[in-house]
Structures are given as C-alpha cells and as structure tokens.
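Shown next, in structure tokens, is the structure this report addresses.
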Amino acid sequence: PLPDRDRALSPSHQQDQSVYEERHLRYISPLGKGNFGSVELCRYDPLGDNTGELIAVKKLQPNKQSNLEDFQKEINTIRSLHCDYIVKYRGVCYSMGRLSMSLVMEYLPYGSLIGYLEKNRQHVNNRRMLLFASQICKGLEYLQSMRYVHRDLAARNILVASDTLVKIADFGLTKIIPFDKEYYRVTHPGESPIFWYAPESITESKFSHKSDVWSFGVVLHELFSYCEHNRNPKRLYMQEIGNDMQGLSISMHLVDILKDNWRLPAPPLCPPRIYSMMTTCWGYRAEERPTFSTLGDQIETSIQD
Ligand SMILES: N#CCCn1cc(-c2nc(Nc3ccc(C4CCNCC4)cc3)nc3c2CCN3)cn1
C-alpha cells in the first residue's frame with residue numbers, strides 16, 4: 001500500500017476517505033447546532049500546509065450514553081444515503097482520548113436555507129424557489145424509497161451547496177419504517193419541533209412518509225416566506241393560539257386550531273397554485289395528503305409555466 005504521505009495525495013484516497021485522524025483536523029469555526037450535537041468547520045490537513053479539504057464535523061454532545069447510540073444510528077443512516085439532494089457522508093473521526101467519535105460530512109459553503117434566503121432575498125425569484133422545492137422533494141422521494149422518515153424537516157435543516165443546489169441534512173431524528181407497518185411510533189418525543197409536525201405526530205407520536213409530507217408543506221411555507229423570522233411557523237401559530245389560551249398545553253391548542261381547519265396563511269406574493277399545494281400537504285388525515293411523487297410533478301409543472 002502507498003506510504004501515508006502519498007496515500008493522502010491520491011485523489012481516490014481523498015474521496016473515499018472514511019477514517020479521519022484527529023491529529024490532522026484543524027478547527028476553523030462553528031457552523032451550527034443539530035440534534036445531539038454541534039457542527040464545526042474544519043480543515044483536514046494531513047500535509048500540514050493548508051492544502052487540505054474543508055469538511056463539516058458533527059461532534060456528539062459530551063457523555064450522554066443514550067446519545068452515543070442515537071449518534072451511531074445517525075451515522076449509519078447518513079452513510080447509507082447516496083443522493084444529490086442529501087448532504088454527503090465523508091467518514092468518521094475517532095478521538096480515543098475522549099472515547100468519542102465525530103461525523104465527517106461534506107461542507108456546504110452557503111449554510112442553511114434560513115440564513116441564505118434572509119441574506120439573498122433580492123435575487124432569489126419564484127423559479128429559483130421552485131427549483132429548491134423540487135430538489136428537496138426529490139431528496140424526500142429518495143428517502144422514502146429507502147423507507148426512512150426524516151421527522152425533522154424544516155428550513156433550518158436544508159443546506160445550500162450553491163445558488164442552484166440545496167440538500168437535506170441532519171438525520172438525527174430519522175427512523176426506518178418497519179417492513180410490516182406504514183408508520184413509526186416514537187416512545188420518547190423529546191423536545192419536538194411541533195410547529196412542523198402533522199397532527200397524528202403530535203397526538204399519537206406517529207410518523208410516516210405522510211407526516212414528512214406535512215412538514216414539507218411547512219418548509220414550502222418557509223421558502224416562499226423567504227424564511228422571514230417574523231413570519232416563521234412558530235410565530236404565526238403562537239399568534240393564532242395566543243388569542244385563546246385556556247391553560248391547555250400548546251400542542252393541544254395547536255391540534256385544536258388544526259382540527260378547526262385553521263392553516264398557516266399564504267405568504268405575501270406567494271403564487272396561489274403554490275399555496276394550494278401547501279394546503280394539500282396539510283390535510284388533517286394522512287391519507288388526504290399527496291405523495292412526494294405527485295408533489296414533484298406539480299412543482300415541475302409550475303416550473304415550466
Ligand atoms: N443541518 C443542520 C443543523 C446542524 N447543522 C449542520 C450544519 C452544516 N453547515 C454547513 N455549512 C455552513 C453552515 C453555516 C454557515 C455560516 C452561515 C453564516 N453565519 C456563519 C455560519 C456556512 C456554511 N455544512 C454542513 C453542515 C452539515 C453538513 N455540511 C450547520 N448546522
């Protein structure tokens with residue numbers, strides 16, 4: 001086999017690298033917080049001359065045993081996904097000193113959709129939004145073909161690779177649907193992003209491809225709201241709920257207004273056809289909601305017009 005120095009040089013080694021040595025990892029800056037951990041920008045620089053590649057490294061939150069198991073599941077999940085619209089796994093980095101491990105992924109330079117849209121609002125038009133929506137939809141169709149439910153779809157978990165490419169990230173809550181069932185029931189909801197959740201996920205902790213469809217509708221709403229922070233789903237729902245607080249838990253209030261057919265309002269300037277697409281994703285009963293392939297076709301049709 002090639003000596004270490006030359007191995008580091010060969011392009012194939014660079015690409016299918018799967019174990020990163022901590023001694024060559026150069027910390028650069030924080031990138032964000034995900035489920036169970038934080039993500040940092042690092043340079044993997046085995047030659048020590050700053051020519052190494054930039055990578056995104058997700059570190060596990062310190063010493064919470066249960067999280068290590070979940071973290072290993074997250075690593076196995078992302079390692080099994082090969083799709084242009086899903087953030088790429090690069091490898092793992094073991095730090096024996098702390099008996100912990102980190103997940104190494106491709107670095108997406110433009111960050112999450114939220115920051116990108118807030119910053120680049122003026123030159124992202126509806127066509128570009130529809131391109132992003134169709135890419136997210138294709139990524140979700142792929143996930144569904146692998147029997148995965150993401151369970152944490154939100155603009156904060158969509159990353160921007162370039163002005164014309166976005167990818168789905170953060171598989172910390174992703175579960176595989178058992179072969180003999182249509183849904184996954186979670187035992188420990190944890191701190192759930194209920195404002196992106198379908199009603200059955202809130203009331204029965206049931207998650208399915210159709211609950212991912214509901215969340216995709218909320219991501220469409222964020223997208224066509226340019227991720228404006230004063231129009232984010234949580235704020236819009238709390239404004240509606242706030243008006244009739246009666247001591248019930250927030251999630252029960254949320255389910256009540258959804259039962260009364262209240263839905264997130266159309267974002268300003270949102271094309272009517274796109275808003276109606278969102279509202280089909282928000283069918284109260286899971287079977288009323290479209291599939292990702294139907295949604296994909298509708299988005300492609302809108303792009304042609
Ligand atoms: N998903 C999820 C939640 C967890 N999370 C994942 C990442 C992540 N970020 C990037 N890239 C990235 C992130 C931020 C910026 C800037 C934005 C302006 N302000 C300063 C920071 C720039 C580029 N690339 C990644 C990842 C994972 C794989 N590749 C960040 N948080």
Side-chain angles (χ1 to χ4, degrees), residues 14-15 17-18 20 25-44 52-62 64 67 70-71 73-93 101-124 132 135-136 139-140 142-143 148-175 190-193 195-196 212 215-216 218-219 222-223 226-229 232-234:
Q14 189 91 31
Q15 287 316 317
Q17 167 105 32
S18 64
Y20 287 75
L25 223 49
R26 300 275 173 279
Y27 169 81
I28 297 177
S29 62
L31 292 177
K33 286 231 167 302
N35 292 295
F36 314 121
S38 62
V39 182
E40 299 170 343
L41 174 59
C42 295
R43 181 184 298 279
Y44 189 65
E53 60 166 351
L54 292 177
I55 50 178
V57 181
K58 184 166 189 173
K59 294 192 179 317
L60 179 65
Q61 252 163 5
K64 284 190 195 157
N67 277 351
D70 290 332
F71 192 52
K73 280 183 194 157
E74 175 176 356
I75 293 170
N76 294 336
T77 300
I78 195 168
R79 188 165 43 197
S80 70
L81 300 172
H82 301 91
C83 171
D84 292 340
Y85 308 112
I86 291 182
V87 78
K88 281 187 174 32
Y89 168 84
R90 275 278 156 73
V92 289
C93 176
M101 63 196 300
S102 302
L103 166 59
V104 179
M105 297 167 280
E106 65 172 322
Y107 167 62
L108 273 70
Y110 290 77
S112 91
L113 200 50
I114 295 189
Y116 178 81
L117 285 181
E118 278 178 346
K119 220 160 64 185
N120 299 285
R121 170 178 193 140
Q122 67 285 3
H123 71 248
V124 180
F132 290 166
Q135 291 171 345
I136 298 164
L140 290 167
Y142 170 79
L143 267 184
Y148 281 119
V149 283
H150 186 281
R151 294 189 52 242
D152 195 12
L153 279 177
R156 66 178 176 278
N157 290 336
I158 304 294
L159 296 172
V160 184
S162 75
D163 286 325
T164 57
L165 179 61
V166 294
K167 301 192 180 198
I168 300 169
D170 206 335
F171 295 87
L173 299 182
T174 302
K175 302 286 183 190
E191 68 265 9
S192 317
F195 301 104
W196 281 260
D212 272 356
S215 303
F216 176 69
V218 181
V219 172
E222 294 184 274
L223 202 47
Y226 290 92
C227 293
E228 252 183 74
H229 60 275
N232 79 44
K234 176 171 183 174

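Start at 1 and go down the list; that is how both ligands and their atoms are numbered.
- The protein heavy atom nearest to atom 7 (C) of ligand 1 is Val39 CG1, 3.9 Å.
- Of all atoms in ligand 1, listed by their number and element, those nearer than 4.0 Å to a heavy atom of Ala169 are 1 (N).
- Nearest protein neighbour of atom 26 (C) of ligand 1, counting heavy atoms only, is Leu159 CD1, 3.4 Å.
- Between Val166 and Tyr110, every side-chain heavy-atom pair lies at or beyond the 4.5 Å cut-off.
- Nearest protein neighbour of atom 18 (C) of ligand 1, counting heavy atoms only, is Lys119 NZ, 4.8 Å.
- Nearest to atom 28 (C) of ligand 1 by heavy-atom distance, out of Glu106, Lys88, Glu118, Arg90, is Glu106.
- Look at Lys58 and Asp170 and you find a salt bridge, because one of the NZ, NE, NH1 or NH2 atoms lies within 4.0 Å of a carboxylate O, short of that distance.
- Residues Asn120 and Val160 are not in side-chain contact: their nearest non-hydrogen atoms beyond the backbone lie 4.5 Å or more apart.
- Ion pairing between a basic and an acidic side chain is recognised when a charged N comes within 4.0 Å of a carboxylate O; Glu222 and Arg156 show no such pairing.
- By heavy-atom distance, the residue among Gly32, Gly37, Pro30 lying nearest atom 31 (N) of ligand 1 is Gly32.
- Distance from atom 17 (C) of ligand 1 to its nearest protein heavy atom, with residue and atom name: Gly111 CA, 4.6 Å.
- Under a 4.0 Å criterion applied to the non-hydrogen atoms of Asn157, ligand 1 contributes the atoms 1 (N), 2 (C), 3 (C).
- When heavy-atom distances to ligand 1 are checked against a 4.0 Å cut-off, Val87 comes that close only through its side chain, counted from C-beta outward.
- Between the side chains of Asp163 and Tyr116, at least one donor-acceptor pair of N or O atoms lies under 3.5 Å.
- Close approach of ligand 1 to Lys33 is summarised as follows: ligand atoms under 4.0 Å from at least one heavy atom of the residue are 3 (C), 4 (C).
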### CA sep, side-chain torsions, deciding dist, call: Cys42, Arg26, side-chain contact (heavy atoms from CB on, under 4.5 Å)
CA-CA 5 Å; Cys42 295; Arg26 300 275 173 279; 5.9 Å; no
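- Of the possible donor and acceptor atoms, none in the side chain of Tyr148 sits under 3.5 Å from a partner among the backbone N and O of Tyr142.
- The presence of a protein heavy atom under 4.0 Å from atom 20 (C) of ligand 1 is ruled out.
- Between Met105 and ligand 1, no N or O atom pair is found at a separation short of 3.5 Å.
- The closest protein non-hydrogen atom to atom 11 (N) of ligand 1 is Leu108 O, 2.7 Å.
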### Message
Assess the residue pair Met101 and Ile75 against the criterion (side-chain contact (heavy atoms from CB on, under 4.5 Å)); give the C-alpha distance rounded to whole Å, side-chain angles, the decisive distance to 0.1 Å, and a yes or no.
### Response
CA-CA 10 Å; Met101 63 196 300; Ile75 293 170; 3.8 Å; yes
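- Counting only heavy atoms of the protein, atom 30 (C) of ligand 1 lies nearest to Leu31 O, 3.6 Å.
- By the criterion of a heavy-atom distance under 4.0 Å, neither the backbone nor the side chain of Leu41 is placed next to ligand 1.
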### Task
Begin with the C-alpha distance, continue with both residues' side-chain angles, and end with the deciding distance and a verdict on side-chain contact (heavy atoms from CB on, under 4.5 Å) for Tyr107 and Glu53.
CA-CA 9 Å; Tyr107 167 62; Glu53 60 166 351; over 6 Å; no
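- Between the side chain of Asn232 and the backbone N or O of His229 there is at least one donor-acceptor pair closer than 3.5 Å.
- For the pair Pro109 and ligand 1, a heavy-atom separation below 4.0 Å is found.
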